[in-house]
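Both counts, for ligands and for their atoms, begin at 1 and track the order of listing.
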Amino acid sequence: MSYKLLFVCLGNICRSPSAENIMNYLIEQSELTERIICDSAGTSSYHIGSPPDRRMSAAAMQKLGFKLRGQARQFQRSDFEEFDLILAMDRENYHNILYLDPTGKYEEKVQLMCDFCSQYTLKEVPDPYYGGSEGFNQVIDLLMDACGGLLEHITSQELDLRS
Ligand code: 4NP
């Protein structure tokens, strides 16, 4: 059995695909590829079917040396059952996800990505879409920190990592 992570932002073309790709990179380095599965989604339908934003991919290439892979999809109610942990990039995403769970059944599965940061004190991954390249670079830095903390959290608790 694998532990399944879902990263969620608004459009699923900037922040959440970056989180998914960075997490997969760290998982490969830790040889946990079979054990931890990552996916990403957007709370909106704006960019369904689109690849990651070119500016986001350029920042990933520049800072990490790899391109971002993915195709945007919208978050759906069945994701609550499908995934073990759902990571929201900002508070608006967090509330929009929980809006789809009116009884609060899945509330504990949904967390803010920045809660796993250890170096940065920001509580949200800022939306870079309407800003300059600095915003995209900041997304990569924040997510490297948060993904590292998240992997540490998962492995230290051995959450469903036994095969
Ligand atoms: P993301 O960024 O939520 O990190 O993928 C955005 C992408 C698109 C839009 C806003 C944010 N948009 O308004 O189209």
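Figure legend: cation-pi geometry between R15 and Y129 absent, as NZ or CZ is not positioned both under 6.0 Å from the six-membered ring centre and within 45° of its axis.
Using a 4.5 Å heavy-atom cutoff, the side chains of D127 and M89 are not in contact.
Between D39 and R73 there is a salt bridge, since a side-chain N of the basic residue sits under 4.0 Å from a carboxylate O of the acidic one.
In terms of protein heavy atoms, atom 4 (O) of ligand 1 is closest to R15 NE, 2.7 Å. Given atom 13 (O) of ligand 1, the protein heavy atom at minimum distance is Y130 OH, 3.4 Å.
Under 4.0 angstrom from ligand 1, the non-hydrogen atoms of N12 all belong to its backbone.
In the vicinity of Y46, heavy-atom distances shorter than 4.0 Å reach the ligand 1 atoms 12 (N), 14 (O). Residue-ligand proximity, C14 to ligand 1, at heavy-atom distances under 4.0 Å covers atoms 1 (P), 2 (O), 4 (O), 5 (O). Heavy-atom proximity to D127, at under 4.0 Å, picks out these atoms of ligand 1: 2 (O), 6 (C), 10 (C), 11 (C).
Here's the thing with C9: none of its N/O atoms is less than 3.5 angstrom from an N/O atom of ligand 1.
When the options F136, Y129, F7 are ranked by their closest heavy atom to atom 7 (C) of ligand 1, first place goes to Y129.
There is no side-chain donor-acceptor pair under 3.5 Å between Q111 and Y94.
Other residues, nucleotides and ligands place more than 12 heavy atoms under 6.0 Å from the CD atom of Q29.
Paired with N12 under the rule side-chain contact (heavy atoms from CB on, under 4.5 Å), one option of P52, S44, P17 passes, and it is P17.
Taking the six-membered ring for Trp and the full ring otherwise, F75 and F80 have centroids separated by under 6.0 Å.
Taking 4.0 Å as the cut-off, H47 counts as a neighbour of ligand 1 on heavy-atom distance.
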